[in-house]
Amino acid sequence: MQISVTVPLSHFNVVREAIWSIGVGVIGYYSHCSLASKVVGTFKPNDEAKPFIGKNGAVEHVEEVQVEIGCKIEEVKKVVEAIKKVHPYEQPAINIVPLLDEQDFK
């Protein structure tokens, strides 16, 4: 499985360390594997939101980092919980994608 989440630059290391602390991000003989890309996130909080960044009713453009990490399917819930525990957004955008292995192709 591949899990990705966008996070403001200020919380990049906190989120990544929280994920690694549960032992995911292992590829063969390597631990602490992840991919990080700078992105620009956009959002518009409605009147009921409590935004960490920005103001209700205004479109925001925020420099963020997208963190991607691989894990086993049975670790997904732990990873999502770890992210939500330290992520500053009230609703972080977490993507969970199943991955194919070269063994899946004949």
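Only this structure's heavy atoms are used, side chains among them; waters, hydrogens and symmetry mates stay out.
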Do V65 and V39 come close enough that some side-chain heavy atom pair is under 4.5 Å? no

Is the backbone of K50 close enough, under 3.5 Å, to the side chain of N56 for a donor and an acceptor to pair up by distance? no

Are I69 and V86 connected in the hydrophobic side-chain network, where two residues link if heavy atoms are under 4.5 Å apart? yes

When you look at S34 and I19, which way does the side-chain contact (heavy atoms from CB on, under 4.5 Å) test go after all the steps? CA-CA 10 Å; S34 67; I19 295 168; over 6 Å; no

Taking the ring centre of each residue, are H11 and F52 less than 6.0 Å apart? yes

Counting neighbours of CG on D47 that are heavy atoms of other residues, nucleotides or ligands and sit closer than 6.0 Å, is the number greater than 12? no

Over all heavy atoms of both residues, which pair between A82 and A18 is shortest? Give the atoms and the distance, please. CB-O, 3.8 Å

How many angstroms lie between CD in E68 and CZ in R16, if you round to the nearest 0.5 Å? 13.0 Å

Scanning both residues in full, the closest heavy-atom pair of Y89 with E64 reads OH-OE2, 2.6 Å

Between V15 and V62, is there shared hydrophobic-cluster membership here, with clusters defined by ILVMFWY side-chain heavy atoms closer than 4.5 Å? no

Pair I94-I3, side-chain contact (heavy atoms from CB on, under 4.5 Å): steps then yes or no: CA-CA 7 Å; I94 301 170; I3 298 179; 3.8 Å; yes

Given the rule in the side-chain contact (heavy atoms from CB on, under 4.5 Å) test, do K72 and E75 qualify, once you have shown the distances and angles that lead to the verdict? CA-CA 5 Å; K72 297 175 185 170; E75 298 169 321; 3.5 Å; yes

Please tell me if the side chains of L100 and F105 come closer than 4.5 Å, counting only heavy atoms from C-beta onward. yes

What's the shortest heavy-atom distance between P98 and M1, and which atoms? CA-SD, 3.7 Å

Write down the atom of P8, the atom of P88, and the distance for their closest heavy-atom approach. CG-CG, 3.7 Å

Find out if a path of hydrophobic residues (ILVMFWY) with successive side-chain heavy-atom gaps under 4.5 Å connects I27 to I73. no

For N46 and A49, indicate whether the former's side chain and the latter's backbone hold a donor-acceptor pair under 3.5 Å. yes

Mind listing the closest non-hydrogen atom pair of G57 and K44 along with its distance? O-CE, 3.3 Å

One should read off an interatomic distance between F12 CZ and Q66 CD, to the nearest 0.5 angstrom, of 11.5 Å

Applying side-chain contact (heavy atoms from CB on, under 4.5 Å), run through T42 and E60 and close with a yes or a no. CA-CA 5 Å; T42 58; E60 297 294 330; over 6 Å; no

When you measure from the side chain of E17 to the backbone N and O of V14, does any donor-acceptor pair fall under 3.5 Å? no

Same apolar cluster: V80 and V7, side chain cutoff 4.5 Å: yes

In Å and rounded to the nearest 0.5 Å, what is the NZ to SG distance from K78 to C71? 10.5 Å

E74 atom CD, over 12 foreign heavy atoms within 6.0 Å: yes

Under a single-linkage definition using a 4.5 Å side-chain heavy-atom cutoff for Ile, Leu, Val, Met, Phe, Trp and Tyr, are V5 and L35 assigned to the same hydrophobic cluster? no

Rounded to the nearest 0.5 Å, what separation is found between the OG atom of S10 and the CD1 atom of I53? 6.0 Å

